[in-house]
4 protein chains.
Amino acid sequence: MSNVPQSHYYRLVVSCPDQVGIVARVSSFIAQQGGSITEASQHSDLETGRFFMRYEILAESLGITAQALREGFAPIAQAFNMQWALTDTKRLPRVVLMVSKESHCLVDLLYRWQAGELACDIVGVISNHSDMCALTEWYGIPYYHIPVDPQDKQPAFDAVEAQIETLDTDCVVLARYMQILPPALCQRYRGRVINIHHSFLPSFAGAKPYHQAYERGVKLIGATCHYVTEELDAGPIIEQDIHRVSHCHTPTDLVRFGRDVEKAVLARGLRWHLEDRVIIHGNKTVVFS
Amino acid sequence: MSNVPQSHYYRLVVSCPDQVGIVARVSSFIAQQGGSITEASQHSDLETGRFFMRYEILAESLGITAQALREGFAPIAQAFNMQWALTDTKRLPRVVLMVSKESHCLVDLLYRWQAGELACDIVGVISNHSDMCALTEWYGIPYYHIPVDPQDKQPAFDAVEAQIETLDTDCVVLARYMQILPPALCQRYRGRVINIHHSFLPSFAGAKPYHQAYERGVKLIGATCHYVTEELDAGPIIEQDIHRVSHCHTPTDLVRFGRDVEKAVLARGLRWHLEDRVIIHGNKTVVFS
Amino acid sequence: MSNVPQSHYYRLVVSCPDQVGIVARVSSFIAQQGGSITEASQHSDLETGRFFMRYEILAESLGITAQALREGFAPIAQAFNMQWALTDTKRLPRVVLMVSKESHCLVDLLYRWQAGELACDIVGVISNHSDMCALTEWYGIPYYHIPVDPQDKQPAFDAVEAQIETLDTDCVVLARYMQILPPALCQRYRGRVINIHHSFLPSFAGAKPYHQAYERGVKLIGATCHYVTEELDAGPIIEQDIHRVSHCHTPTDLVRFGRDVEKAVLARGLRWHLEDRVIIHGNKTVVFS
Amino acid sequence: MSNVPQSHYYRLVVSCPDQVGIVARVSSFIAQQGGSITEASQHSDLETGRFFMRYEILAESLGITAQALREGFAPIAQAFNMQWALTDTKRLPRVVLMVSKESHCLVDLLYRWQAGELACDIVGVISNHSDMCALTEWYGIPYYHIPVDPQDKQPAFDAVEAQIETLDTDCVVLARYMQILPPALCQRYRGRVINIHHSFLPSFAGAKPYHQAYERGVKLIGATCHYVTEELDAGPIIEQDIHRVSHCHTPTDLVRFGRDVEKAVLARGLRWHLEDRVIIHGNKTVVFS
């Protein structure tokens with residue numbers, strides 16, 4: 001169930017109030033350890049005065065562990081009032097996929113994961129239906145069938161939350177789960193639940209977006225990968241893409257085109273999240289893709 | 001002020017309730033006249049049971065005038081309960097452009113018109129400002145400066161309508177006019193007033209769409225070319241396109257990218273309208289592009 | 001192994017020298033049988049004077065079988081010197097997929113086929129390796145492992161041809177087969193063997209196109225779906241698409257992006273072929289998509 | 001003739017052999033001067049072991065002139081064996097545009113320049129024809145008509161080179177000049193002459209690329225912005241883009257679509273060049289867009 005990247009990196013991700021000298025201080029610290037930075041990204045948001053950076057550091061160029069590096073870095077982080085994380089690519093994020101009956105996103109993610117495109121452990125698939133069980137287990141992944149009673153959904157969501165907890169989950173992916181998670185769950189896993197919405201948000205939030213798009217007569221349909229928040233379809237957007245349509249196309253065609261867009265957008269968004277390329281900034285994202 | 005296409009065509013555009021035999025009847029009529037059909041497009045809308053077609057017929061292959069062809073076709077049109085038009089490409093549509101202070105769409109349309117990409121006469125430019133006068137007159141086109149009093153707009157709109165009337169206008173293009181036309185004018189020129197909206201509708205209708213898009217943190221911005229109706233930004237969509245943006249981009253960047261999308265989308269939409277490629281169908285369009 | 005479309009259609013596909021009256025004659029014939037045309041496409045190639053058309057006719061609107069319709073149509077076809085075919089959507093094309101070790105196109109096609117996006121029977125997968133056997137058989141499809149001896153390839157190709165023959169194959173898809181088929185096989189199945197080439201042809205024909213693209217420093221990579229002819233990577237192009245790349249991307253990234261483009265382009269090209277939307281015209285194609 | 005950006009920046013652009021400590025040394029130097037870095041980009045090319053960086057530094061945050069900053073930085077540059085430049089956005093690059101009879105790129109660039117999208121002085125337009133004179137002079141820019149004798153081109157190219165020299169030119173843009181510059185001129189202005197080629201290179205190098213594309217039956221056409229080298233159409237690529245085409249489109253349509261792609265690609269490429277975002281790396285480019 002593992003996809004270890006070929007090289008071993010530490011990733012430092014920082015956001016803090018912007019000021020002169022941040023890069024100098026951070027890069028000097030890394031250089032003093034002999035750290036070789038293989039990828040560096042920075043962004044200064046001029047409107048909010050906030051600074052963002054992400055460094056990918058070759059682990060073998062440093063003589064120390066991730067934990068030692070964290071301890072050395074902590075005083076700098078404190079001095080600049082940073083929100084920060086230093087991750088070790090040897091420790092793969094633990095991902096839970098949640099699906100309903102639509103299989104295209106699940107099939108796509110499992111294939112990409114097996115092909116080594118997604119650096120994570122997929123520790124389980126949770127579904128309110130049993131349809132995707134055989135496929136999931138073919139990949140050697142445990143399947144948790146937790147039916148949702150439309151009259152009383154909370155027990156199911158409690159079971160979902162317990163299962164996510166039990167699996168020691170870093171990231172939950174709603175790969176067309178089609179159920180609205182309760183606010184408490186959204187809050188608890190804030191910034192760690194990724195959804196694919198099958199419209200070009202903010203157009204056509206809510207149910208049956210392809211039918212809404214068809215009714216409005218748009219000439220492009222889209223999909224949106226975003227973090228889940230308490231407010232439906234309104235969380236920070238990670239990635240979007242579109243597909244051209246015309247008067248020839250029925251709602252069925254839109255659904256078919258949309259499947260391809262959804263797969264692509266979710267796969268990109270998740271990959272970036274897993275590689276610590278996405279930083280939430282208010283209700284927006286900085287994406288160092 | 002003219003752009004005559006090199007070949008001479010009649011264009012037959014039809015919409016009617018679908019039934020067996022329409023194409024047979026129409027194409028047999030054209031064939032009996034010896035008409036050579038150089039382009040043919042058809043569409044059956046299965047949901048509404050409506051049929052649409054557009055034929056481009058080489059005029060020289062027929063022995064008769066457009067008017068004679070119309071007279072011959074009228075009984076067929078009546079038998080099938082058609083809405084229809086037969087246009088002659090020698091008779092160029094008379095177009096009025098309306099602008100405010102933003103010049104990019106005007107500059108683009110005038111250039112394309114001069115380059116022969118838009119088969120029309122541009123008979124005048126109407127603006128609530130005088131900024132674009134020199135440019136317009138450089139192209140030999142009359143400029144009508146009709147200021148709009150924010151406290152009392154109706155007199156200006158009356159003058160606009162009178163000018164459009166005087167110019168015997170077939171089509172009005174709101175090339176970033178930035179004023180909302182009164183309902184009466186919208187109704188009178190229904191299906192003949194084309195607007196470019198600087199967002200991917202239905203997202204961000206109304207004012208300052210790029211700033212709305214920036215605030216929402218979308219990853220794609222867009223533009224929409226549509227027919228104007230009484231309801232703001234809600235008319236039938238002709239064409240849309242998008243441009244990718246990221247956290248790096250300020251609202252100023254979005255405006256800059258947007259200019260290119262607006263120009264492209266408006267130019268395509270107008271070209272299709274002028275070539276009788278757009279048929280309104282309820283609040284949607286059939287576009288035989 | 002079947003994907004029967006929900007409605008039952010006959011598809012008439014024609015190419016012939018252009019002249020006045022073709023559409024009238026064909027559409028009148030269909031109308032006389034009471035045939036309801038649900039989709040109609042036509043194209044006149046002005047350079048070569050050739051005419052192309054494709055009709056989709058609702059079978060239940062006709063009182064007769066496909067074979068009776070063919071017999072009735074034959075005199076018309078002869079009068080206009082047509083190349084033509086009338087297919088019945090109840091008779092699914094029999095498709096053989098050929099693969100090597102790269103799985104992405106195979107996985108994608110099998111999934112789309114199972115999801116009902118490809119109206120065909122997949123009657124077998126032929127490979128020079130055994131890697132894809134388990135996956136193929138999971139879908140209930142026979143797998144034929146025919147190793148190719150690099151020193152003497154002809155025996156393998158003879159076995160391949162025999163297997164294709166035995167399976168009564170309508171269409172062969174080289175889904176990253178990575179072997180060059182012998183000319184005799186290309187000729188025998190002319191217009192029925194579809195390849196996906198992993199470059200934007202005619203750029204980077206031949207081996208290792210992503211590495212060629214990387215060396216040249218292009219900013220877009222692509223993929224091309226085309227019919228196979230005796231001349232390598234030079235057959236009629238059905239579909240192409242691209243993906244943006246930058247200096248950040250290694251050849252490995254290009255290969256990864258390319259997989260997505262290849263999948264999409266091959267799936268579209270094959271779907272159009274299976275729906276009789278592609279007509280070969282010299283070394284080009286007319287695609288009524 | 002000037003477009004001064006609203007803020008005043010120094011831009012530091014560096015390429016050098018990669019090693020630990022470059023960013024630390026450079027950013028510490030900037031920080032010691034109190035320099036506020038508003039945009040930072042870095043790239044390590046793992047294949048060649050070369051490092052690239054670009055900093056945009058707010059001039060007012062430094063107490064010193066560009067020249068003083070250069071002097072302070074020189075020892076660092078030497079220590080790391082850097083190729084480098086420090087530019088001052090108050091000193092606008094001096095650009096010469098060269099055109100033939102096709103006007104679309106010239107019109108587009110002049111408009112963007114006037115609209116403030118291109119931070120440069122356009123100091124002259126050179127053409128082998130007189131067609132674009134009126135337009136150029138309408139923008140207040142000198143027009144140099146230097147006819148090229150097809151039997152003996154060198155005198156014209158000598159005059160062109162002299163004019164470029166006289167105008168103290170930083171950058172030459174071949175905005176559809178349609179003449180092949182002599183090798184000596186290419187060498188002398190290496191990395192400073194930008195061309196727009198009307199194909200998706202390396203496909204269809206040389207003459208009449210749209211007709212070549214039409215003959216090959218491609219489904220996408222493109223344009224390529226690249227630096228000019230002695231080898232025709234083979235220099236480092238800055239930017240490319242494409243437009244979808246089909247069997248419906250004649251070579252004339254391809255030329256028309258191509259104009260839009262050419263304009264967009266050249267404008268982006270030139271803007272990036274003028275903002276010091278493009279670094280040549282062998283026969284490829286690093287583009288910090």
Shortest non-hydrogen contact from C:Ser27 to B:Ser27?
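C:Ser27 and B:Ser27 have their closest heavy atoms at OG-OG, 3.1 Å.
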Can you name the nearest heavy-atom pair linking C:Ile37 to B:Ser44, along with the distance?
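Heavy-atom minimum between the residues: O-OG, 3.8 Å.
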Quick check: are there more than 12 heavy atoms from other residues, nucleotides or ligands sitting under 6.0 Å from CZ of B:Arg25?
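Not buried by this count: 12 neighbours or fewer within 6.0 Å.
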Other residues, nucleotides and ligands only: do more than 12 of their heavy atoms fall within 6.0 Å of CD on B:Gln67?
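Atom CD in B:Gln67 is packed in, count exceeds 12.
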Please determine which of C:Val26, C:Ile30, C:Val23 meets the side-chain contact (heavy atoms from CB on, under 4.5 Å) test together with B:Val23.
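When side-chain contact (heavy atoms from CB on, under 4.5 Å) is applied between B:Val23 and each of C:Val26, C:Ile30, C:Val23, only C:Val23 qualifies.
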What part of C:Glu39 gets within 4.5 angstrom of chain B, counting heavy atoms only: side chain, backbone, both, or neither?
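Answer is neither: C:Glu39 stays 4.5 Å or more from chain B.
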Counting only heavy atoms closer than 4.5 Å, note whether C:Tyr55 contacts chain B via side chain, backbone, both or neither.
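Side chain of C:Tyr55 only, per the 4.5 Å heavy-atom cut-off to chain B.
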